Amino acid sequence: MAATPVDGIHDGRPGRRQLLRGLAGGVVAATALGLAGRSSARADVPPVRPHGGMPRPAVTGAFAGHEIRSLPITEQKAALTIDCGAGTQGAEAILRTLWARRVPATFFMTGRFAADNPALARHIADRYPVGNHSMTHPAFPHLTPEQRAEEVRAAADAIETAIGRPSEGLFRFPFGRATRECVREVNAAGYVAAHWKVDTQGWKGTVGGASTATVVDRTLHDLRPGAIVLMHLGATPEDHSAVDATALPDLIDAIRARDYGFTTLRGLLTAR
């Protein structure tokens with residue numbers, strides 16, 4: 001796979017607006033976001049169909065038929081990806097860190113997350129690419145093809161309703177679990193299946209032994225050009241720790257100390 005189409009991507013860098021500092025209790029205040037009057041999107045509002053009702057073109061070529069774990073680049077860049085499917089406990093810290101360090105990232109949202117947190121979802125989408133992470137985060141191999149298709153479609157509708165535009169043509173399977181049939185289905189629906197090279201395992205929480213040190217060590221161990229790094233926005237239910245959010249500043253410093261930069265996954269859409 002050629003490296004040229006996705007080399008040198010910087011499109012995930014923040015814009016020039018001030019970063020929100022009003023995420024009280026994990027809920028974004030629409031007035032603090034500057035989205036008053038725009039944050040009324042709800043799951044029960046009839047959504048606009050993606051692309052005006054037109055289907056996405058199917059994924060073909062090198063990115064079809066399998067999950068992508070690394071970007072096909074030779075430049076020393078890592079792709080931070082942040083899954084949003086549970087709580088919002090780490091949102092304020094993660095967004096503040098990304099903004100302050102000028103680090104691009106890609107977010108994957110469930111439709112339920114977007115519907116429950118429309119102002120936060122739009123705030124994220126104003127600055128970073130947003131991919132589809134299913135509607136309710138089920139294990140796809142346990143579903144019928146019809147149920148899987150509905151999970152993808154419903155999430156696409158909910159995300160678009162929340163953020164005001166279609167998500168990117170990127171899909172991440174819940175729990176990272178998929179069969180070849182699952183991958184073929186999302187490719188046919190127009191999504192590149194984005195997996196990961198590194199799982200920080202911050203989702204385990206402090207109760208599961210996760211810490212800033214383990215997040216950094218796991219990432220550096222498998223750091224390669226184009227490595228996709230999996231992180232999570234929410235907290236661990238057992239102890240309410242948001243280890244990925246806490247570890248993110250040190251992780252960015254450690255990656256940069258290896259002479260690596262950062263990129264988003266938008267290059268997969270260009271190169272496909």
Side-chain angles (χ1 to χ4, degrees), residues 1-17 19 59 61-64 66-84 90-91 93-109 123-133 163 165-173 176 191-200 202 215-216 218-233 244-245 247-272:
M1 291 181 286
T4 304
V6 288
D7 281 345
I9 299 167
H10 297 276
D11 59 349
R13 289 185 179 274
R16 296 184 179 181
R17 301 178 190 176
L19 177 66
V59 176
F63 295 147
H66 61 101
E67 295 177 272
I68 309 302
R69 288 167 168 78
S70 295
L71 294 169
I73 63 177
T74 57
E75 191 174 1
Q76 290 194 167
K77 290 186 176 181
L80 300 183
T81 63
I82 300 163
D83 285 4
C84 311
I94 285 175
L95 292 172
R96 182 187 295 120
T97 299
L98 293 175
W99 174 268
R101 306 298 181 92
R102 296 189 62 78
V103 172
T106 305
F107 287 73
F108 285 89
M109 291 183 189
H123 178 69
I124 291 170
D126 281 347
R127 292 154 178 80
Y128 306 102
V130 172
N132 187 324
H133 194 34
I163 72 175
R165 71 169 192 273
S167 70
E168 307 288 343
L170 299 164
F171 187 85
R172 173 163 285 163
F173 288 101
Y191 294 89
V192 174
H195 198 70
W196 55 83
K197 176 68 174 176
V198 182
D199 178 358
T200 66
V215 166
V216 171
R218 287 183 61 83
T219 303
L220 295 184
H221 182 268
D222 287 323
L223 188 62
R224 304 288 187 278
I228 299 174
V229 181
L230 169 66
M231 307 185 80
H232 288 81
L233 190 77
D244 279 333
L248 185 57
D250 286 353
L251 179 62
I252 291 170
D253 289 344
I255 291 173
R256 283 179 166 162
R258 296 283 184 95
D259 293 324
Y260 271 72
F262 299 90
T263 187
T264 74
L265 300 189
R266 275 200 177 121
L268 291 175
L269 306 179
T270 302
R272 79 179 191 177

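Residues take their numbers from the sequence shown, with the count starting at 1. Every value quoted in this text rests on a predicted model; they were computed, and no experiment measured them.
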task: Examine distances only and state if a side-chain atom of Arg266 and a backbone atom of Glu168 form a donor-acceptor pair shorter than 3.5 Å.
output: no

- prompt: What are the two closest non-hydrogen atoms of Gly169 and Leu269, and how far apart are they?
  reply: O-CD2, 3.2 Å

message: Given 3.5 Å as the limit, does a donor-acceptor pair link the side chain of Thr200 with the main chain of Leu230, or not?
response: yes

query: Does the Arg127 side chain pair with the main chain of His123, one donor and one acceptor, at a distance under 3.5 Å?
result: yes

- prompt: Out of curiosity, Arg256 CZ to Phe262 CZ, how far, rounded to the nearest 0.5 Å?
  reply: 5.5 Å

statement: Output for pair (Ile255 CD1, Arg101 CZ), nearest 0.5 Å, gives 11.5 Å

message: Between Arg218 and Val198 (side chain of the first, backbone of the second, donor and acceptor by atom type, cut-off under 3.5 Å), is there such a pair?
response: no

message: Main chain of Arg69, side chain of His195: is a donor-acceptor contact present, judged purely on distance under 3.5 Å?
response: no

- prompt: Hey, what do you get for OH (Tyr260) to CZ (Arg224), rounding to the nearest 0.5 Å?
  reply: 7.0 Å

query: Can you tell me how far CE of Met231 sits from CG of Leu80, rounded to the nearest 0.5 angstrom?
result: 6.5 Å

statement: Closest non-hydrogen atoms of Asp222 and Ala227, given as atom of the first, atom of the second and distance, are O-CB, 4.2 Å

- prompt: What closest approach, in Å, do Ala105 and Pro129 show between heavy atoms, and which atom pair accounts for it?
  reply: O-CD, 3.2 Å

statement: Between Pro72 and Phe63, the two heavy atoms sitting closest are CG-CZ, 3.8 Å

- request: Hey, can you tell me if Phe107 and Tyr128 have their rings parallel, tilted or perpendicular (30° and 60° cut-offs)?
  value: tilted

message: Just to verify, what does Thr219 make a side-chain hydrogen bond (donor to acceptor under 3.5 Å, both in side chains) with, not counting sequence neighbours?
response: none

query: Looking at residues at least two apart in the chain, or sitting in another chain, which of them share a side-chain contact (heavy atoms from CB on, under 4.5 Å) with Ala78?
result: Leu223

- request: Without swapping roles, check the side chain of Thr106 against the backbone of Leu265 for a donor-acceptor pair under 3.5 Å.
  value: yes

query: Which heavy atom in Lys197 sits nearest to a heavy atom in Ser70, and how many Å separate them?
result: CB-OG, 3.8 Å

- request: Could you tell me the separation between the CG atom of Asn132 and the CZ atom of Arg172, rounded to the nearest 0.5 Å?
  value: 12.0 Å

task: Would you check if the side chain of Thr81 reaches a backbone N or O of Val229 as a donor-acceptor pair within less than 3.5 Å?
output: yes

task: Kindly compute the distance separating CG (Leu233) from CZ (Phe108), expressed to the nearest 0.5 Å.
output: 14.0 Å

query: By salt bridge (charged side-chain N to carboxylate O under 4.0 Å, His left out), which residues pair with Asp250, not counting sequence neighbours?
result: none

- prompt: Within a strict 4.5 Å, meaning less than it, do heavy atoms of the Leu248 and Val103 side chains meet?
  reply: no

field: Exercise: identify the closest heavy-atom pair between Thr263 and Leu71
entry: CG2-CD1, 3.4 Å

